[in-house]
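Here is the structure we will look at.
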Amino acid sequence: MTRTSRDRPNELAPGWPDKQSPHIAAEAARKLAVNLRASLNALELSVRALERKSGVDEATIRKLLAGSSWTDIYSIALIEAALERPLYDSPAD
């Protein structure tokens, strides 16, 4: 089965990650990235340290932060568990 090509979150959110996106899915991804960056800063964790703690590949974490891919829920759940905090906000929030 062939996957449908779609724009990356940062392509749907001009000014990533600082400006809101009118696209509901891109806005959810942007909020997730903003919350992840804030959590890393608050906990004084590097991306590599989060990789070790969560088991999620460093490249996946960096792509999430950059908005260059649609991160799967499995990876998000592992990252949230490692950080011991939720990262996802509903786009309607």
Grab the two heavy atoms, one from Gly67 and one from Pro9, that are nearest each other, plus how far apart they are. O-CD, 3.2 Å
Only counting residues at least two apart or in another chain, list the ones meeting side-chain contact (heavy atoms from CB on, under 4.5 Å) with Val34. Pro17, Arg30
As a quick check of understanding, evaluate side-chain contact (heavy atoms from CB on, under 4.5 Å) for Leu65 and Arg37, giving each step before the final call. CA-CA 7 Å; Leu65 289 167; Arg37 185 168 309 282; 3.7 Å; yes
Closest non-hydrogen contact found for Ala49 with Ser46 is N-OG, 2.9 Å
By salt bridge (Lys or Arg N to Asp or Glu O under 4.0 Å), Arg8 pairs with (sequence neighbours left out) Glu11
Intermediate values then yes/no, side-chain contact (heavy atoms from CB on, under 4.5 Å), Val56 and Leu64: CA-CA 11 Å; Val56 176; Leu64 188 162; over 6 Å; no
For the side chain of Asn10 and the backbone of Trp16, is there at least one donor-acceptor N/O pair under 3.5 Å apart? no
Looking only at heavy atoms, which two atoms of Thr60 and Ser75 are closest? And how far apart? CG2-OG, 4.2 Å
For Leu87, does its backbone N or O pair with a side-chain atom of Glu80 as donor and acceptor, under 3.5 Å? yes
side-chain contact (heavy atoms from CB on, under 4.5 Å) partners for Glu51, two or more places apart: Asp57, Glu58, Ile61
Please report the closest heavy-atom contact between Ile76 and Thr71, naming both atoms and the distance. CD1-O, 3.8 Å
Verdict with reasoning, Arg85 to Leu43, per side-chain contact (heavy atoms from CB on, under 4.5 Å): CA-CA 11 Å; Arg85 61 181 67 191; Leu43 297 170; 3.4 Å; yes
To the nearest 0.5 Å, how far apart are CG in Asp7 and CG in Leu12? 4.5 Å
Got a second to check how far Arg52's CZ is from Arg48's CZ, nearest 0.5 Å? 8.5 Å
Between Ala29 and Trp70, the two heavy atoms sitting closest are CB-CZ3, 4.1 Å
Give me the atom names and distance for the closest heavy-atom approach of Lys63 to Ser69. CB-OG, 3.4 Å
Distance in Å, Ser39 OG paired with Leu45 CG, rounded so as to fall on 0.5 Å steps: 9.0 Å
